[in-house]
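Notes to accompany the following structure.
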Amino acid sequence: MVLIDSVYIHEGGGKNILENLCTKIYDNGLEKNFFFLFDSRYTSKLKIRNSHKINSSEINRLKFYKKNKFKFQRFICMSNVPPPVHLNKPVDIYFHNDLLLNPFRNNLTLLDKLKLFVKKHYIKYINSKKYSWNVQTALMKKRLINSYSINEKNINIYPIFTNYKSQKLDKDPRKFLYVSNFSKHKNHLLLFKAFKIVANKINYKIHLDLTLPNEVFYNSFYNKESYSKNLEINNYGILNKSELSKLYSKSNFLIFPSLNESFGLPLIEATFNDCYIISSNKDYVFEIIKPTLTFNPLCAESIASAIFEALNSSSLIKSEVIIENKIDTFVKYLLSHV
């Protein structure tokens, strides 16, 4: 039996990866081969029978592993962190957090940087040269080698995502969508400044839609600062997959100014839903899609220029997903030692 350890995963991209994996396992009738260790904060509509929840801490993980490690033939840690005990059985770590690579180079608070710094060195301390690592892109593999000194032969590339199908709804030609949380590296302030620049120079209304927690949006500059009547900003809160897919299908553009991403799942989701992608000119983007337009995410004027071009061009090129979903290959890989 394989242990899927997903402690620390309860939201965001990590949850998406986990739920894709759970769905694939159950849809193929493979659940008898897996046991799931979940974070107590994790909630899902999926009915997972072979599972146990614990409060998220290394002490609780350690207790579970000491008690149960002999029950499993293979271990897969889905939340970047190796097992808290050394194991002589096959172990895989699925690494998907770009912030853990270079904590002090990210646009975060000092406290968050320190937390990430400590976590990074803890990961390096408990890692074993025998363990295998899994990432979503070749770029993340390169960064993991450089940051954690892991042997290239021990790193596999298994992108995991949902192959969305567009709902084919009528798109608003002036609707921009940004699917993200409010972390500093998501670059919301410069995005807001860029849209204000555009709105002050046009004589028609454009729309910026967001998916922030409602309380976060209410207390943010989006809600508290004034801007031109030509700009309408709507926040839809945290959406489920169906609601998000509908929002993608209504939007003509996904705008994505994020400074750092381990994968950038909304870029893929929006492309599948026939959105034009207007994104940062960062390497993580070009690993997974061909965007329609790019901009310098450190410059509000550059972002504004891309928005202008998106609104005024009659010959925009549709974005294209260039990465392959490897979830089937990943599941077969996990079962190879069972």
Output the distance between atom [atom1] ([X]) and atom [atom2] ([Y]), rounded to the nearest 0.5 Å.
X	Y	atom1	atom2	result
Ile76	Leu37	CD1	CG	13.0 Å
Leu293	Ile277	CG	CD1	10.5 Å
Phe256	Tyr178	CZ	OH	5.0 Å
Ile278	Ser305	CD1	OG	11.0 Å
Leu99	His185	CG	NE2	5.0 Å
Leu212	Asn235	CG	CG	5.0 Å

Kindly say whether [Y] contributes a backbone atom to a donor-acceptor pair with the side chain of [X] at under 3.5 angstrom?
X	Y	value
Ser128	Lys130	yes
Asn127	Ile123	no
Asn28	Leu30	no
Lys326	Pro159	no
Asn240	Glu243	yes
Thr271	Leu267	yes
Ser6	Ile9	no
Ser313	Ala310	no

Would [X] and [Y] count as having a side-chain donor-acceptor pair, cut-off 3.5 Å?
X	Y	answer
Asn296	Asn281	no
Asn234	Glu232	yes
Asp112	Thr109	yes
Asn20	Asn16	yes
Asn97	Ser262	no
Asn68	Lys71	yes
Asn223	Ser220	no

Would you call [X] and [Y] a side-chain contact if the rule is heavy atoms closer than 4.5 Å?
X	Y	answer
Val118	Leu114	no
Cys22	Phe36	yes
Tyr284	Leu259	no
Glu301	Ile197	yes
Phe95	Gln136	no

Check this for me, if you would: do [X] and [Y] make a salt bridge, where the nitrogen-to-carboxylate-oxygen distance has to be below 4.0 angstrom?
X	Y	answer
Lys318	Asp274	no
Lys47	Glu31	no
Arg74	Asp92	yes
Arg61	Asp5	yes
Glu11	Arg41	no
Asp209	Lys175	yes

Point to revise | Test side chain to side chain donor-acceptor pair (under 3.5 Å) applied to Tyr42 and Lys53, His10, Glu19, Lys15, the passing residue | key: Glu19
**Study point:** Criterion side-chain hydrogen bond (donor to acceptor under 3.5 Å, both in side chains) on Ser180 and His188, from CA distance to verdict
**Key:** CA-CA 9 Å; Ser180 77; His188 278 276; 2.9 Å; yes
Review point. Honestly, is Lys119 close enough over Tyr8, meaning NZ or CZ under 6.0 Å from the six-membered ring centre and within 45° of the axis?
Key: yes
Exercise for review: Tell me, with the steps shown, if His86 and Tyr131 meet side chain to side chain contact (heavy atoms under 4.5 Å, CB included).
Suggested key: CA-CA 10 Å; His86 181 76; Tyr131 294 167; 3.8 Å; yes
Review point. Considering the options Phe182, Phe195, Tyr227, which one meets the ring pair (Phe, Tyr, Trp, His ring centres under 6.0 Å) requirement together with Phe221?
Key: Phe182
Review point. Minimum heavy-atom separation for Ser279 to Pro291, with atom names?
Key: OG-CB, 3.7 Å
Exercise for review: Kindly determine whether Ser258 and Asn187 satisfy side-chain hydrogen bond (donor to acceptor under 3.5 Å, both in side chains), including the steps that lead there.
Suggested key: CA-CA 6 Å; Ser258 179; Asn187 208 19; over 6 Å; no
Hey, is [atom1] on [X] packed in by over 12 heavy atoms from elsewhere, all under 6.0 Å?
X	atom1	result
Lys201	NZ	no
Leu62	CG	yes
Lys66	NZ	no

Review point. Would Phe192 and Tyr222 satisfy ring-ring contact (aromatic ring centres under 6.0 Å, His included), going step by step from the backbone distance to the final call?
Key: CA-CA 7 Å; Phe192 183 47; Tyr222 283 120; 5.3 Å; yes
Check your understanding: Using the ring of each side chain (for Trp, its six-membered ring), is Tyr94 parallel, tilted or perpendicular to His96, with breaks at 30° and 60°?
Key -> tilted
**Study point:** Whether Tyr276 and Phe253 hold their rings parallel, tilted or perpendicular, with breakpoints at 30° and 60°
**Key:** tilted
Exercise for review: Test side-chain hydrogen bond (donor to acceptor under 3.5 Å, both in side chains) on Ser319 and Thr292 and set out the steps.
Suggested key: CA-CA 5 Å; Ser319 302; Thr292 301; 2.9 Å; yes
Point to revise | Residue pairs fulfilling side-chain hydrogen bond (donor to acceptor under 3.5 Å, both in side chains) with at least one residue in residues 140-160, sequence neighbours excluded | key: Asp98-Arg143, Lys120-Ser147, Asn134-Asn156, Asn156-Tyr333
Exercise for review: Test ring-ring contact (aromatic ring centres under 6.0 Å, His included) on Tyr125 and His121 and set out the steps.
Suggested key: CA-CA 6 Å; Tyr125 175 72; His121 284 273; over 10 Å; no
Practice item. Go through Asp172 and Asn252 one step at a time and tell me if the side-chain hydrogen bond (donor to acceptor under 3.5 Å, both in side chains) criterion holds. Key: CA-CA 6 Å; Asp172 185 331; Asn252 203 32; over 6 Å; no
